[in-house]
Enquirer: 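Quick one: the structure is below, questions incoming.
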Number of protein chains: 2
Amino acid sequence: MPSSKSTPVTMDAVYTAPGYLFRRMQQIAVALFIEECRSFDLTPVQYAALVTISTHPGIDATRLSAVIAFDRSTLGNVIERLQAKEFIVRKPAPEDKRVKLLYLTKAGAGVLNEIMPSVEKAQTRMLQPLKPADRKTLLSLLTQLVDLNNEASRVPLRAEDALEHLGRSG
Amino acid sequence: MPSSKSTPVTMDAVYTAPGYLFRRMQQIAVALFIEECRSFDLTPVQYAALVTISTHPGIDATRLSAVIAFDRSTLGNVIERLQAKEFIVRKPAPEDKRVKLLYLTKAGAGVLNEIMPSVEKAQTRMLQPLKPADRKTLLSLLTQLVDLNNEASRVPLRAEDALEHLGRSG
DNA sequence: GCCACATTGTCAGTATACTGTCAATTAAAT
DNA sequence: ATTTAATTGACAGTATACTGACAATGTGGC
């Protein structure tokens, strides 16, 4: 009888694993972003934070982390760097001494405005090798998958949290 | 005339960007791997390294980095940790004093054998939310995309490099 | 008012990733 | 053979990520 205790291991155990493919694409995505946006001194994470602070002025770090699904600990350092570059400012919240509210500076709004075309270019480039129809399909499946697996990550996306810093009275 | 210098920024600039979706899926993939493989004390990267050393006994760090497309600098630390856990050993190469060859220990081969089902489970779980046909489509598109964007990352995959540590004489 | 509990920002520790540099060693050029 | 190139492993520095802990603060029940 065959009775092998162990199936022989091949590199397929790595190459065909979705986890490996996602890691690879993440590496590629970051590399393309950095290449296209070299002149702006912004990382992908910093860009996402900047966009969110722009659309949610006065948001605090915890809510920001929920809205872009980044770890709260990690985000602390990201915010520090954005502050060091003077793209954002932090102001203490009057009603809660624990909270620090985040706002874009003029410089921050400026970079965000200027970097947009380069970000677009990077996003386009990473799907470029696929046929247009396949790009659509992939984006659709990816979006579904991220949404359906939302609870699997440590920091699930909570877009609705973004509203809390407005009208807590309401 | 409208003449807006800047389009109003929305969160779509983040949520619909493929780069953001790949980052999210990578986070989710790692979280599921860690959850399923908690009892084995192995990270996804360490697992990939272990598989590759298993299928390429006597490979060196530089070639290993090419075969799994991981950064050479990063891999140094990964190897150290695998060595500390006594899952691999490093032996100096007789014909080249710079090179250290990598081999699995018995313990390493054992963990690799035992962890496989859990890894499989994690990989299955991350695509589970999709319909079977969609899983196939996504995997196919992902594989294509990683392959076609291979040169875009700092460390392109060079599977053929794996053979060099055999028969350099040939 | 007091106590249990939750929240916020922060920090220390570990693990990827990438950039750039280096010494030791090897290979190639001439 | 000697100079030049390239390769290998290592290191320092920066930037995500996650775990677990902590003090300060806020909120609830009573």
Side-chain angles (χ1 to χ4, degrees), chain A residues 19-20 23-24 26-35 38 41-49 59-66 68-85 90 92-102 152-155 161 164-165 168, chain B residues 19-20 23-24 26-35 38 41-49 59-66 68-85 90 92-102 152-155 161 164-165 168:
Chain A
Y20 174 77
R23 175 181 301 272
R24 251 342 246 120
Q26 219 268 316
Q27 286 177 344
I28 289 165
V30 172
L32 289 175
F33 185 103
I34 297 297
E35 191 182 318
R38 197 177 298 279
D41 190 27
L42 270 188
T43 67
V45 168
Q46 290 167 11
Y47 164 77
I59 198 172
D60 62 276
T62 295
R63 237 147 305 281
L64 176 56
S65 105
I68 49 183
F70 291 166
D71 189 85
R72 211 160 49 107
S73 298
T74 307
L75 208 52
N77 304 322
V78 176
I79 288 172
E80 257 177 40
R81 280 172 218 121
L82 285 175
Q83 197 173 14
K85 295 177 191 174
R90 291 216 266 186
E95 357 71 64
D96 191 333
K97 287 178 196 164
R98 294 170 304 178
V99 176
K100 299 178 183 175
L101 308 178
L102 304 171
S153 61
R154 184 197 185 188
V155 186
D161 277 21
E164 282 181 30
H165 75 292
R168 287 200 215 206
Chain B
Y20 174 78
R23 176 182 300 273
R24 250 344 245 120
Q26 218 268 315
Q27 287 176 343
I28 289 164
V30 172
L32 290 175
F33 184 104
I34 297 296
E35 191 182 319
R38 197 177 298 280
D41 191 26
L42 270 188
T43 66
V45 168
Q46 289 166 12
Y47 164 76
I59 197 172
D60 62 277
T62 296
R63 239 150 303 283
L64 175 58
S65 105
I68 49 183
F70 290 167
D71 190 85
R72 212 160 48 106
S73 297
T74 306
L75 208 51
N77 304 322
V78 176
I79 288 173
E80 258 178 40
R81 280 171 219 123
L82 285 175
Q83 196 173 16
K85 294 175 190 174
R90 292 215 267 186
E95 357 71 64
D96 190 333
K97 289 177 197 164
R98 295 169 304 178
V99 177
K100 299 179 183 174
L101 307 178
L102 304 171
S153 62
R154 185 198 185 186
V155 186
D161 277 21
E164 283 182 29
H165 75 291
R168 288 199 215 207

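Lettering of chains follows the sequences in order, A, B, ..., and the numbering in each one begins at 1.
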Enquirer: According to a strict under-4.0 Å criterion, is B:R72 in side-chain N/O contact with OP1 or OP2 of D:dA10?
Expert: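 So the side chain of B:R72 is outside the cut-off, no N or O lying under 4.0 Å from OP1 or OP2 of D:dA10.
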Enquirer: Which pairs, protein N/O on one side and nucleotides 11-15 of chain C N/O on the other, fall under 3.5 Å?
Expert:
{"residue": "C:dC11", "atom": "N4", "partner": "A:S73", "partner atom": "OG", "Å": "3.0"}
{"residue": "C:dA15", "atom": "OP2", "partner": "B:R81", "partner atom": "NE", "Å": "3.2"}

Enquirer: To the nearest Å, how far apart are B:R38 CZ and D:dC18 C1'?
Expert: 12 Å
Enquirer: D:dA5: syn or anti, with syn meaning chi within 90° of zero?
Expert: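 Chi for D:dA5 falls in the syn range.
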Enquirer: Given that B:I34 and B:K100 both sit by DNA chain D, which one's nearest nucleotide is further toward the 5' end?
Expert: B:K100
Enquirer: How many angstroms lie between CG in A:L42 and CD1 in A:I34, if you round to the nearest 0.5 Å?
Expert: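 So the gap between those two atoms works out to 9.0 Å.
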Enquirer: Can you tell me how far apart CG (A:L101) and CZ (A:R63) are? Round to the nearest 0.5 Å.
Expert: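 Here the rounded value is 10.0 Å.
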Enquirer: Nearest whole angstrom, please: distance from the C1' of C:dT8 to the CD1 of A:I59.
Expert: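 A:I59 atom CD1 is separated from C:dT8 atom C1' by 14 Å.
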Enquirer: What's the spacing between A:I68 CD1 and A:L75 CG if we round to 0.5 Å?
Expert: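 Between atom CD1 of A:I68 and atom CG of A:L75 there are 5.5 Å.
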Enquirer: Return the value, rounded to whole Å, for the distance between atom CG of A:N77 and atom P of C:dG9.
Expert: 14 Å
Enquirer: How would you list, by chain and number, every residue that makes a ring-ring contact (aromatic ring centres under 6.0 Å, His included) with B:Y20, sequence neighbours excluded?
Expert: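 Once residues adjacent in sequence are excluded, the partners of B:Y20 under the ring-ring contact (aromatic ring centres under 6.0 Å, His included) criterion are B:Y15.
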Enquirer: Find the distance A:F70:CZ to D:dT19:C1' and express it as a whole number of Å.
Expert: 19 Å
Enquirer: What is the pairing partner of C:dC22, taking Watson-Crick or G-U wobble pairs with both distances under 3.5 Å in any strand?
Expert: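 Looking at the geometry, C:dC22 pairs with D:dG9.
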Enquirer: Closest nucleotide of DNA chain D for B:Q27 versus for B:G76: which of these residues is on the 5' side?
Expert: B:G76
Enquirer: Holding to side-chain hydrogen bond (donor to acceptor under 3.5 Å, both in side chains), I want the full list of residues that pass it with B:Q46, two or more places apart in sequence or in another chain.
Expert: B:K85
Enquirer: Taking the side chain as C-beta and beyond, is there a heavy-atom pair between B:F70 and B:V78 under 4.5 Å?
Expert: no
Enquirer: Between N or O atoms, less than 3.5 Å apart, protein on one side and nucleotides 24-27 of chain D on the other: list the pairs.
Expert:
{"residue": "D:dT25", "atom": "O2", "partner": "A:R98", "partner atom": "NH1", "Å": "3.3"}
{"residue": "D:dG26", "atom": "OP1", "partner": "A:K97", "partner atom": "N", "Å": "2.6"}

Enquirer: Using a cut-off of less than 4.0 Å, is there contact between a side-chain N or O of B:R90 and OP1 or OP2 of D:dG9?
Expert: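 The answer is no; no side-chain N or O of B:R90 sits under 4.0 Å from OP1 or OP2.
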Enquirer: Whole-Å distance between D:dG9 C1' and B:L101 CG?
Expert: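 Taking CG of B:L101 and C1' of D:dG9, I get 13 Å after rounding.
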Enquirer: Going by purine N1 to pyrimidine N3 plus the second Watson-Crick contact, or the G-U wobble pair, all under 3.5 Å, which nucleotide sits opposite C:dT7?
Expert: D:dA24
Enquirer: Return the set of residues passing side chain to side chain contact (heavy atoms under 4.5 Å, CB included) with A:R90 (not counting sequence neighbours), or none when no residue passes.
Expert: A:I79, A:Q83, A:K100, A:L102
Enquirer: The criterion is side-chain hydrogen bond (donor to acceptor under 3.5 Å, both in side chains); which residues satisfy it with A:E80, sequence neighbours excluded?
Expert: none
Enquirer: Which heavy-atom pair separates A:G19 from B:A29 by the least distance, and what is that distance?
Expert: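 Looking at all heavy atoms of both residues, the shortest contact is CA-CB, 4.0 Å.
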Enquirer: Separation of B:I79 atom CD1 from D:dC11 atom P, in whole Å?
Expert: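 Distance check: B:I79 CD1 to D:dC11 P gives 13 Å.
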Enquirer: Starting from the 5' end of DNA chain C, give me the residue, A:A61 or B:A69, whose nearest nucleotide shows up first.
Expert: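 In this pair, the answer is A:A61.
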Enquirer: Can you tell me the distance, in whole Å, between the OH atom of B:Y20 and the P atom of D:dT16?
Expert: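 So the two atoms are 15 Å apart, to the nearest Å.
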Enquirer: Rounding to a whole Å, what distance do you find between B:L32:CG and D:dC18:C1'?
Expert: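 In whole Å, D:dC18 C1' lies 15 Å from B:L32 CG.
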Enquirer: Write down the atom of A:Q27, the atom of B:A69, and the distance for their closest heavy-atom approach.
Expert: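 Closest approach of A:Q27 to B:A69: OE1-O, 3.4 Å.
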